[in-house]
Q: 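Got a structure for you, written out below as structure tokens; questions coming shortly.
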Amino acid sequence: MPSIARHSSGNGRIVENICSILRQLGWSPAAEAALGNLDCSMDAYQANQVLKQLQDHTVAHGFFYWLKRKPGFKHDGHTYTTMVGILGQAKQFTAINKLLDQMVRDGCQPNVVTYNRLIHSYGRANYLNEAVDVFDQMQKDGCEPDRVTYCTLIDIHAKAGYLDFAMDMYERMQGAGLAPDTFTYSVMINCLGKAGHLASADKLFYEMVEHGCTPNLVTYNIMIALQAKARNYESALKLYRDLQSAGFEPDKVTYSIVMEALGHLGYLDEAEAVFSEMKQRNWVPDEPVYGLLVDLWGKSGNVEKAWGWYQAMLQTGLRPNVPTCNSLLSAFLRVHRLGDAYSLLESMLGLGLIPSSQTYTLLLSCCTEARSPYDMGFCCDLMATTGHPAHLFLLSMPSAGADGQNVRDHVGKFLDMMRSEDRESKRGLVDAVVDFLHKSGLKEEAGLVWEVAAQKNVYPDAVREKSSCYWLINLHVMSDGTAVTALSRTLAWFRREMMMSGVGPSRIDIVTGWGRRSRVTGASMVRQAVQELLHMFSFPFFTVNGNTGCFVGCGEPLNKWLLQSYVERMHLL
DNA sequence: GTAGGGTTAG
């Protein structure tokens with residue numbers, strides 16, 4: 001047996017021993033004692049092997065500094081860089097900066113990998129300025145950015161909505177003599193597609209092959225997901241076949257995306273077939289993929305099937321997560337099976353699952369649409385059972401005073417509390433609240449909630465100046481009660497602006513998303529409610545290009561109409 | 001003699 005093999009297996013055992021100690025004991029005096037008893041010498045290579053396996057940053061941090069104090073041990077660039085990555089994932093930026101100082105004092109210069117991990121960490125935490133500062137700093141320190149540097153900067157900026165900056169970085173990368181590789185193309189295709197530039201994403205997908213870069217499985221997955229999200233399900237399925245013709249085996253991600261696409265096309269049985277195929281190819285279905293089937297069947301109105309998949313999931317020993325419970329809950333509520341909804345909510349709480357704002361949103365919408373006082377009371381009980389802060393917020397909503405400031409303050413405090421929720425959930429919840437207040441006759445309060453939410457950027461796309469004095473009011477993601485409230489308050493805002501500045505809008509397009517090209521079904525309630533409101537107040541509108549979902553007001557008639565004092569009170573009707 | 005970084009879903 002050559003000595004190298006014995007030596008390396010010895011290395012492996014030390015690494016394995018340390019990892020199992022740290023897994024069992026975490027970072028603790030007991031772990032420190034156990035490590036001391038090992039009485040082995042270790043080099044930076046082995047230390048790095050251990051660090052890479054530690055996911056808990058407190059354990060990694062403890063181990064790293066224990067090594068640093070150990071006589072005869074010296075960290076190197078690799079261990080420092082790995083540690084930067086671990087702390088970065090945990091967003092421990094104070095600890096990272098301390099570590100970087102020590103790294104330099106220890107005689108280890110950060111290299112391009114260190115900087116890249118730093119940029120990635122800042123990007124993931126949404127600190128884009130800091131990420132760009134690192135990019136500038138590394139160049140001052142004489143470190144050339146590589147493909148990974150540019151790719152990371154492109155990705156984080158595009159994800160944060162700064163597509164222009166991302167494209168700029170793509171140009172700069174090529175200017176620096178770095179040709180895009182398959183990885184870069186995949187990132188760019190994803191960025192462009194997610195930003196709504198599907199044609200450009202498509203173009204790049206075909207272009208990459210011409211430049212000698214073969215799409216890999218991830219590239220295909222990205223393409224399939226983009227087509228599915230744009231509701232081009234047939235294109236998505238074609239890419240799925242192309243992927244297999246190209247010799248790739250679908251992975252878990254592929255299966256999940258394809259199942260969702262099939263489900264949204266209404267091919268539920270086919271989605272189930274893909275699920276079976278996934279299992280046949282030895283992928284172990286996880287909770288979210290069961291959740292997807294629960295959701296698809298629930299949305300199609302087949303509660304029994306949804307419930308069946310939920311049970312099947314429990315039988316494999318998986319613990320449900322909150323979104324899956326929400327899917328089943330939504331299915332029960334849709335067919336007014338409030339008793340089953342109640343049992344499900346109880347079992348959620350029993351499992352220690354904390355109802356999310358989506359859970360509360362579902363229940364509140366159900367309450368708004370309740371067909372009888374009994375059902376409404378039942379919904380209220382369910383809402384109280386969730387223990388969600390939105391319930392206390394609604395219960396303690398004051399009646400609007402003369403200037404409405406008391407309601408504004410109440411809403412402001414609530415939204416501040418909800419600030420860490422993602423925008424979609426916040427929008428959904430606010431929408432349900434406004435709809436509920438509006439339909440319960442608390443119209444002044446509904447208007448105030450909408451105004452504060454709009455100020456706090458919960459509806460960033462609702463009101464937009466398309467060009468000078470040409471405005472778009474986009475109501476298509478709202479419920480009808482919210483749409484009517486939002487429109488009334490926005491028109492009142494235009495009136496006040498016009499009276500103050502003397503300049504009125506030259507054109508307003510009111511978009512309800514039920515137009516010629518809209519694929520949104522079931523949104524006609526918004527169009528109908530908006531049309532009725534506009535008719536009632538004689539708003540001078542017309543439609544263009546046969547788009548019946550877009551109401552346009554223009555020029556002199558619009559400005560004259562805005563002068564009417566009733567524009568201020570439209571929302572009360 | 002050896003190692004470290006970037007992309008996709010829910």
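Per chain, numbering begins at 1; letters A, B, ... match sequence-line order.
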Q: Please tell me which of the listed nucleotides, B:dG10, B:dT2, B:dT7, lies nearest to the side chain of A:Y45?
A: B:dT2
Q: Going by ring centres under 5.5 Å and near-parallel planes (under 30°), is A:F183 stacked on B:dG6?
A: yes
Q: Counting only side-chain N and O atoms of A:H78, is one of them less than 4.0 Å from OP1 or OP2 of B:dT2?
A: no
Q: Taking the six-membered ring for Trp, are the ring centroids of A:Y233 and A:Y240 within less than 6.0 Å of each other?
A: no
Q: Once you apply a heavy-atom cut-off of 4.0 Å, does A:N48 come out as touching a base, just sugar-phosphate, or nothing?
A: base
Q: Counting only heavy atoms and a strict 4.0 angstrom limit, can you tell me which residues of residues 253-267 of chain A come near DNA chain B?
A: A:V253, A:S256, A:I257, A:E260
Q: Roughly how many Å is it from CH2 in A:W297 to P in B:dG10, rounded to a whole number?
A: 21 Å
Q: Would you kindly give the CG-to-C1' distance between A:L153 and B:dT7, to the nearest whole Å?
A: 14 Å
Q: What does A:K159 touch in the nucleic acid at a heavy-atom separation under 4.0 angstrom: a base, only the sugar-phosphate, or nothing?
A: sugar-phosphate
Q: Does A:G85 reach a base, just sugar-phosphate, or nothing at all? Heavy atoms under 4.0 Å.
A: nothing
Q: Would you kindly check if the NZ (Lys) or CZ (Arg) of A:K98 is within the cone defined by 45 degrees around the ring axis of A:F64 and under 6.0 Å from the six-membered ring centre?
A: no
Q: Please tell me if the side chains of A:D286 and A:K252 come closer than 4.5 Å, counting only heavy atoms from C-beta onward.
A: yes
Q: Heavy atoms from C-beta onward define the side chain here; which of B:dA3, B:dG6, B:dT8 lies closest to that of A:K52?
A: B:dA3
Q: Classify A:T324 by what it touches in the nucleic acid, base, sugar-phosphate, or nothing, heavy-atom distance under 4.0 Å.
A: nothing
Q: How is A:D295 classified with respect to the nucleic acid when contacts are heavy atoms under 4.0 Å: base, sugar-phosphate, or nothing?
A: nothing
Q: Taking the minimum atom-to-atom distance to the side chain of A:K194, which one of B:dA9, B:dT7, B:dG10 wins?
A: B:dA9
Q: Where the side chain of A:N216 is concerned, which of B:dG4, B:dT7, B:dG6 is the nearest nucleotide?
A: B:dT7
Q: Check whether any side-chain heavy atom of A:L128 lies under 4.5 Å from a side-chain heavy atom of A:F165, and answer yes or no.
A: no
Q: What is the separation between atom CD on A:E287 and atom P on B:dA9, rounded to the nearest whole Å?
A: 17 Å
Q: Are A:Y127 and A:F93, when compared by the centres of their aromatic rings, separated by less than 6.0 Å?
A: yes
Q: Starting from C1' on B:dA3, measure out to CG on A:D76 and report it in whole angstrom.
A: 9 Å
Q: Out of B:dG10, B:dG4, B:dT8, which nucleotide sits closest to the side chain of A:V289?
A: B:dG10
Q: Could you tell me if the ring centre of A:F205 sits under 6.0 Å from that of A:Y220?
A: yes
Q: Check the side chains of A:E272 and A:W297 for a donor-acceptor pair under 3.5 angstrom, ignoring hydrogens and angles.
A: yes
Q: By the 4.0 Å heavy-atom rule, please label A:D251 as base, sugar-phosphate, or nothing.
A: nothing
Q: In whole Å, I'd like the distance from the CZ atom of A:R124 to the P atom of B:dT7.
A: 8 Å
Q: Would you classify A:T152 as touching base, sugar-phosphate or nothing, given that sugar-phosphate means primed atoms plus P, OP1 and OP2, and contacts are heavy atoms under 4.0 Å?
A: sugar-phosphate
Q: Report the distance from atom CG of A:L118 to atom P of B:dG4, rounded to the nearest whole Å.
A: 19 Å
Q: In this structure, how many angstroms lie between the P atom of B:dT7 and the OH atom of A:Y150, rounded?
A: 18 Å
Q: Starting at NE2 of A:H264, measure out to NZ of A:K299 and round the result to the nearest 0.5 Å.
A: 6.0 Å
Q: For the side chain of A:V113, counting heavy atoms from C-beta on, which of B:dG4, B:dG6, B:dT7 is nearest?
A: B:dG4
Q: Please state whether the base of B:dG10 and the side chain of A:N321 form at least one donor-acceptor pair under 3.5 Å?
A: no
Q: Could you tell me whether the side chain of A:N190 and the main chain of A:I222 form a donor-acceptor pair under 3.5 Å?
A: no
Q: Between B:dG4 atom P and A:Q46 atom CD, what is the distance in whole Å?
A: 15 Å
